[in-house]
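Let me begin by presenting the structure, written as structure tokens, before commenting on it.
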Amino acid sequence: MADIIQLLPDHVANQIAAGEVVQRPASVVKELLENAIDAGATVVKLVIKDAGKTLIQVIDDGIGMSDTDARLCFERHATSKIKSAEDLFNLNSKGFRGEALASIAAIAHVELKTKTEASDIGTQITIEGSKVTSQEATVTPKGTMLSVKNLFYNIPARRNFLKSNPVETRHIIDEFHRVSLAHPHVAFKMIHNGSDVFDLSESNIRQRIVNIFGSKTNEKLVPVSEETEIVKVHGFVHKPSFAKKSRGEQFFFVNDRFIKSSYLHHAVSSAFEGLLKDGTHPGYFLFLDVDPQSIDINIHPTKTEIKFDDEHAIYAMLRATVKHSLGQFSIAPVLDFNKDNGFDTPYEYSKKTPVAPTIEVDRSFNPFKEDHSNSGGKKFKQGHRYTKEMGASWESLYVGLKEEQGSKLDHLPQMEVESDEVTGSLFSDSETQATQITFQIQNKYIVSAIKSGMMVIHQHLAHQRILYEELLKNMTVQEAVSQQLLFPLQFQFSTTQVALLQTIKEQLEHTGFVFSKIEGEQIEVNGVPAGVLESTVPGILEQLLSDLENEVPDTGFSQNDLLAKSLAKSLAIKTGISMEQEAQEHLIHQLFACKEPSVSPDNRPVLVTMEATDFDKKFM
Ligand code: ADP
Ligand code: MG
């Protein structure tokens with residue numbers, strides 16, 4: 001048989017190897033930012049277009065490269081950072097494999113401009129699919145600019161595999177956070193599609209955290225600091241009261257390199273034991289300094305996992321240190337057996353004689369009598385309307401019900417019922433009248449008679465379903481009524497949250513929001529969906545951002561879905577709110593015009609029915 005084994009050509013080998021280093025635009029960002037740090041840069045600028053799919057550019061003021069190095073840096077295993085295997089055990093640089101640039105050059109259009117301090121003129125190189133297409137002298141400042149265009153242009157399968165822009169942007173921001181947090185003394189800037197996302201000046205760690213996560217972060221931070229023979233720890237943890245439902249702000253850095261470690265995470269979490277509400281996670285920014293010889297960072301290709309020689313000792317020390325910090329800043333509860341605050345009387349009341357509380361009851365009040373001062377079907381009255389006294393004379397609940405119902409029908413506003421077929425199938429003709437009689441119980445459920453017995457509807461979940469379908473329709477058909485605000489509302493969020501909001505701006509505008517500014521830490525709203533109260537806007541946006549942070553939607557569709565769910569949750573009428581009779585009916589009609597009236601957007605049941613035959617059994 002003839003020989004069949006061949007050596008793969010370099011560019012093919014590079015493409016295959018690239019798969020390990022470059023999974024997505026964010027991987028390129030990480031490699032380029034780290035190279036800039038290794039080159040001793042004091043200012044690093046990252047420019048992104050279309051979530052990095054079109055352009056990723058990193059500009060630094062580091063040491064630059066000579067003509068020859070500029071060409072050599074794209075060769076596999078070309079590195080200036082280690083010379084022998086021993087150096088691997090004494091690493092102070094981020095990179096050392098000499099693989100990143102070779103890999104990137106195999107799967108993108110790359111342009112490099114670089115100049116060292118010593119030379120007067122710089123070098124410019126362009127590479128496509130590992131082949132140098134031009135190299136010439138150029139005028140450029142000291143440092144390096146590397147542009148990566150059209151990532152995966154020659155591997156369509158990989159390109160198609162990329163997620164939506166918000167998802168890829170999110171990954172890029174994560175990498176940007178990690179590198180810029182690890183190096184607060186370096187100034188970083190990030191620009192996406194022409195607008196500033198981050199502009200971080202040289203600072204200390206605390207300031208860097210605040211600059212990234214927003215000015216409100218400062219008060220949340222508790223300093224941590226401890227030094228032992230094997231490890232030095234410093235950084236911050238969040239006060240437990242600020243623990244979040246998302247795991248977003250959890251960072252370990254070992255020798256200024258971001259790492260993931262579920263083991264160390266466990267150490268920190270256990271220090272928070274008993275201090276966190278269920279389902280919330282502690283936030284932390286912890287920097288560990290260890291002897292480079294006592295770790296192995298070589299076990300993971302993208303270098304986010306490392307192995308410690310002395311893992312157990314580090315665990316114990318980390319747990320104790322964080323616990324100590326929480327205690328020292330009196331965040332952990334302090335037990336004081338001599339004092340029970342429960343018995344303290346507020347100062348102003350200490351000399352007053354107590355008076356028995358009185359209740360005013362309107363005995364002529366009829367819950368079914370129409371309140372003409374407030375006849376809008378969509379207005380909900382706050383507070384409890386049924387009192388004990390009314391319950392006692394239960395007959396009064398039914399007196400005059402018939403007439404009341406008759407006169408009421410004349411006043412009913414036009415119901416917007418989109419599909420009569422649906423309602424028709426649930427309520428028989430002879431019983432449609434009956435559906436006009438609804439009761440609200442415990443300001444939570446709406447009860448209505450149906451042909452086979454009775455139906456109980458959860459008001460909050462039902463309204464969620466109605467709003468969800470309405471919002472989804474608005475987002476896809478792109479029509480929504482917006483209400484212009486007289487004075488724009490201004491909000492401050494963290495830059496990350498603002499950047500996240502930027503990526504869903506368009507969809508949000510389809511629901512009726514109008515933004516005049518989404519930039520830096522600022523959001524300015526000058527239009528809200530019709531019917532939304534101004535005072536509820538901050539809560540709505542906060543809920544939305546926390547939902548977005550917790551669950552990163554993959555596709556345009558799931559993004560709309562998440563938005564609609566989140567908004568529906570915020571906007572839906574809450575339990576505990578008393579609803580006018582008309583509002584109850586309106587809700588039922590709207591619910592049954594929905595495509596899926598029986599489940600909430602989160603798949604909880606919206607209504608239950610009870611058969612009259614079930615009642616029959618109870619009366620036997
Ligand atoms: P590694 O970082 O593992 O050495 P890379 O492929 O990322 O491998 O880079 C190869 C070499 O190119 C580096 O060792 C360094 O000498 C040089 N280099 C890369 N980026 C820069 C930069 N921004 N400034 C100066 N030199 C750089
Ligand atoms: Mg590198």
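Atoms within a ligand are numbered from 1 in the order they appear, just like the ligands themselves.
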- Do side-chain atoms of Ser180 reach the backbone of Phe188 as a donor and acceptor pair under 3.5 angstrom?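 Pair absent, no side-chain N/O of Ser180 close to backbone of Phe188.
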Note: [X]-[Y] ion pair, threshold 4.0 Å (strictly below):
| X | Y | value |
| --- | --- | --- |
| Lys142 | Asp61 | no |
| Lys131 | Glu128 | no |
| Asp561 | Lys565 | yes |

Sub-4.0 Å atoms of ligand 1 with respect to non-hydrogen atoms of [X]:
| X | answer |
| --- | --- |
| Gly64 | 25 (C) |
| Ala78 | 10 (C), 11 (C) |
| Thr144 | 22 (C), 23 (N), 24 (N), 25 (C) |

Please table the atom pairs, donor to acceptor, closer than 3.5 Å between any side-chain atom in residues 284-294 and protein atoms at least two apart or in another chain.
unit_1, atom_1, unit_2, atom_2, d
Tyr284, OH, His265, ND1, 2.6
Asp291, OD1, Gln293, N, 3.0
Ser294, OG, Asp291, O, 2.8

Heavy-atom distance to [atom]: which of [options] wins?
| atom | options | value |
| --- | --- | --- |
| atom 1 (P) of ligand 1 | Gly98, Ala105, Ser103, Ala70 | Gly98 |
| atom 15 (C) of ligand 1 | Ser80, Gly40, Gly62 | Ser80 |
| atom 26 (N) of ligand 1 | His77, Arg76, Met65 | Met65 |

- Query: With a 4.0 Å cut-off on heavy atoms, is Lys81 touching ligand 1?
  - Reply: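 Flag set, Lys81 near ligand 1.
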- Message: Under a 3.5 Å threshold, yes or no: a donor from one side chain and an acceptor from the other, between Thr116 and Ser66?
- Response: no
- Message: Strictly under 2.8 Å, is the Mg ion (ligand 2) approached by any N, O or S atom of Thr79?
- Response: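 Not a single backbone or side-chain N, O or S atom of Thr79 is under 2.8 Å from the Mg ion (ligand 2).
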- Determine whether the side chain, the backbone, both or neither of Asp69 has a heavy atom under 4.0 Å from any heavy atom of ligand 1.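 It is neither part, as no heavy atom is under 4.0 Å.
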- Considering distance alone, does some N or O of Ile63 sit under 3.5 Å from an N or O of ligand 1?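 Checking ligand 1 against Ile63, no N or O pair falls under 3.5 Å apart.
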Show which side-chain atoms of residues 101-109 pair as donor or acceptor with protein atoms under 3.5 Å away, not counting sequence neighbours.
unit_1, atom_1, unit_2, atom_2, d
Ser103, OG, Arg76, NH2, 3.4
Ser103, OG, Glu99, O, 2.9
His109, ND1, Asn150, ND2, 3.0

